[in-house]
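Given the structure is predicted, the values throughout are model-derived calculations rather than measurements.
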Amino acid sequence: MTVACNHVWYALALSALLTVSPAYGQKAYSPGASDTEIKLGQSTPLSGPASAFGAGAGRAVVGYFEMLNEQGGINGRKISFTQLDNAYSAPKAVEQSRKLVDDVGILAEVGTIGTVPNVAIQKYLNSKQVPQLFITAGGRRFNDPKTFPWTVPLYPDFETEGRVVAKYILKTKPDAKIGVLYQNDDYGKDYLKGLRAGLGEKASLIVAEASYELADPTIDSQIVQLKTAGIDTLIEQSSSKAAAQSIRKVHELDWNPLHIIGGSTASVETILKPAGLDASKGLVTTQFLKQPGDPAWVDDEEVKAYKEFLKKYAPSANPDDYSVLVAYMNVHAVTLALRKCGDQLTRDNLIHQATSLHGERLPMMLPGISISTKPDDYTPFKALRIATFNGTSWTLTGDPLSAE
């Protein structure tokens, strides 16, 4: 294992030294790239328990590369994109990654959705020295350049989000009595870890915690438990169904805590409207992307372009589906890294470019938000925005808050 890691690091360091402008350097290719083509792959949950978000995001990614090819591709090369169904199953994800690498011969696997599949394929892709590029998963474990140098995340990790929320609390409600509702897995635990770390010596502000399992039919009892604890600030990192349930239940109890929800459950169309806009008024969240269904962005040119793209290239995808929006950001990041490679289309150089970003802004990012990566720190988002729901749309509050 040590020999393999040292070999990888040597390759990455050598690539950084040899990466030169395509105008002056010689062309260089890894498997999956040529003068005319770049082969990329992805496995995604087109079936199974996560198909609701995997299918929509998958269609958006396919449509994007179709559009890109119509526009001439990347640096004159067309994208040959292969998408396989992993059914959100770890064994299936590994099987599909093997097909993409061994049979299709991809340059990189890109934008794979979810913690379960990405954990499953991480060791395999790193052992093959194939980029696992810009994955859509917020676990802190995916920022581990020493152990997994070929895995690069592109999503605010949940620990970062928790730290940002802690800063907001300390700034606006320093005497809060906090209750936390979290999903009992890495999705919830990483967020809670970041919240505690961000509160630091004031972590004792957390006076009650309640967890739930993803398969639980309801979280009503947990909300009642937290209300009974006498908290005045409810912070939750829940899945979409649980978030909608908690918003409704808090409203039904005529309870009015400061209620902070996770950024992945802040969609006006798919979460807040089903929960009730009146019940949602006053909610606080973190954001990094413009919400297409939010009236605040109805005349925004990037939002218009996003909706027009989906209408033409992925008409069955819901523009208000958060996973579709994140996939749209993701493919723009993939394109950015590949363009920066120029004619040096090696796997080493692709990782070098993806982990050497400095203040890059992608379409649909909120004002003041950008991504930066370094060879020793792959975390792309260093700051997030705080937003408050006014009953109709989200209103940004203050400047971006750094997690550092």
Going by the rule side-chain contact (heavy atoms from CB on, under 4.5 Å), which residues pair with Thr379 if we only count those two or more places apart in sequence or in a different chain?
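With sequence neighbours excluded, Thr379 shows a side-chain contact (heavy atoms from CB on, under 4.5 Å) to Arg140, Asn143, Asp157, Thr160, Asp377, Lys382, given in chain and number order.
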Taking atom [atom1] of [X] and atom [atom2] of [Y], what is their separation to the nearest 0.5 Å?
| X | Y | atom1 | atom2 | answer |
| --- | --- | --- | --- | --- |
| Phe389 | Ile261 | CZ | CD1 | 9.5 Å |
| Ile260 | Thr388 | CD1 | OG1 | 9.0 Å |
| Lys202 | Leu170 | NZ | CG | 6.5 Å |
| Gln122 | Phe142 | CD | CZ | 5.5 Å |
| Thr270 | Lys273 | OG1 | NZ | 10.5 Å |
| Leu205 | Thr233 | CG | OG1 | 8.5 Å |

For the student: nearest non-hydrogen atoms of [X] and [Y], plus distance:
| X | Y | result |
| --- | --- | --- |
| Ile369 | Pro400 | CD1-CB, 4.3 Å |
| Leu401 | Val164 | O-CG2, 3.6 Å |
| Ile271 | Ala243 | CG2-CB, 4.4 Å |
| Ala317 | Leu310 | CB-CD2, 4.3 Å |
| Ile231 | Gly179 | CD1-CA, 3.4 Å |
| Thr151 | Tyr378 | O-CD2, 3.1 Å |

Give the C-alpha distance, both sets of side-chain angles, the deciding distance and a yes or no for side-chain contact (heavy atoms from CB on, under 4.5 Å) between Phe148 and Arg141.
CA-CA 10 Å; Phe148 298 110; Arg141 64 181 295 148; 5.7 Å; no
Suppose we screen for ring-ring contact (aromatic ring centres under 6.0 Å, His included). Which residues come up paired with Tyr191, at least two apart in sequence or across chains?
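Expected list: none.
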Under the ring-ring contact (aromatic ring centres under 6.0 Å, His included) rule, collect the residues that match up with His332, sequence neighbours excluded.
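Expected list: Tyr64, Tyr328.
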Does the side chain of Ser246 reach to within under 4.5 Å of the side chain of His259, using non-hydrogen atoms?
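Yes, at least one pair of side-chain atoms sits under 4.5 Å.
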In chain order, what residues pass the side-chain hydrogen bond (donor to acceptor under 3.5 Å, both in side chains) check against Tyr212, with sequence neighbours excluded?
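Tyr212 satisfies side-chain hydrogen bond (donor to acceptor under 3.5 Å, both in side chains) with Gln183, Ser239 once adjacent residues are dropped.
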Atom pairs and distances, donor-acceptor, side-chain atoms in residues 102-114, under 3.5 Å, two or more places apart:
residue, atom, partner, partner atom, Å
Glu109, OE1, Ser97, OG, 2.8
Glu109, OE2, Thr112, OG1, 2.8

I'd like to know if the side chain of [X] reaches the main chain of [Y], judged simply by a donor and an acceptor atom lying under 3.5 Å from each other, with no hydrogens or angles considered.
| X | Y | answer |
| --- | --- | --- |
| Lys173 | Tyr168 | no |
| Thr373 | Ala354 | yes |
| Asn184 | Glu213 | no |
| Gln237 | Tyr182 | no |
| Asn390 | Ser393 | yes |
| Asn330 | Thr136 | no |
| Asp186 | Gly139 | no |
| Thr82 | Gly41 | no |
| Lys78 | Ile38 | no |
| Ser30 | Arg347 | yes |

Is the count of non-hydrogen atoms from other residues, nucleotides or ligands lying under 6.0 Å from Lys241 atom NZ greater than 12?
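For Lys241, atom NZ is crowded (more than 12 foreign heavy atoms under 6.0 Å).
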For atom NZ of Lys304, decide whether the heavy atoms of other residues, nucleotides or ligands shown that lie under 6.0 angstrom number more than 12.
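Result for NZ/Lys304: enclosed.
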So that I can tick it off, tell me whether Asp85 and Lys92 are bridged by a salt bridge, with the cut-off set at under 4.0 angstrom between side-chain N and carboxylate O.
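The answer is no: the pair does not qualify as a salt bridge.
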Does the distance from a Lys or Arg side-chain N to an Asp or Glu carboxylate O, for Lys99 and Glu95, drop under 4.0 Å?
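A salt bridge links Lys99 with Glu95.
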Side-chain H-bond candidate by donor/acceptor type, [X] with [Y], under 3.5 Å:
| X | Y | result |
| --- | --- | --- |
| Glu70 | Tyr313 | yes |
| Arg77 | Ser34 | no |
| Gln96 | Ser43 | no |
| Glu269 | Ser267 | no |
| Thr346 | Asp348 | no |
| Asn349 | Gln353 | yes |
| His352 | Gln344 | no |
| Asn118 | Gln132 | yes |
| Tyr187 | Ser264 | yes |
| Tyr29 | Asp35 | yes |

Under the salt bridge (charged side-chain N to carboxylate O under 4.0 Å, His left out) criterion, do Arg59 and Glu66 qualify, and how do the steps go?
CA-CA 11 Å; Arg59 286 192 293 270; Glu66 180 184 343; over 6 Å; no
Worked check of side-chain contact (heavy atoms from CB on, under 4.5 Å) between Val268 and Asp320
CA-CA 8 Å; Val268 175; Asp320 296 305; over 6 Å; no
What residue pairs, at least two apart or across chains, pass salt bridge (charged side-chain N to carboxylate O under 4.0 Å, His left out) with a residue in residues 357-368?
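Checked against salt bridge (charged side-chain N to carboxylate O under 4.0 Å, His left out) - neighbours excluded - the pairs reaching residues 357-368 are Glu302-Arg361, Lys340-Glu360.
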Evaluation steps, side-chain contact (heavy atoms from CB on, under 4.5 Å), between Val152 and Ile135
CA-CA 7 Å; Val152 184; Ile135 64 174; over 6 Å; no
Specify whether Phe81 and Phe65 have parallel, tilted or perpendicular ring planes, treating 30° as the upper limit for parallel and 60° as the lower limit for perpendicular.
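Ring orientation, 0 to 90° scale: tilted.
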Report the C-alpha distance between Lys249 and Val224 in whole Å, list the side-chain angles of each, state the deciding distance to 0.1 Å, and finish with yes or no for side-chain contact (heavy atoms from CB on, under 4.5 Å).
CA-CA 8 Å; Lys249 189 62 178 179; Val224 172; 4.1 Å; yes
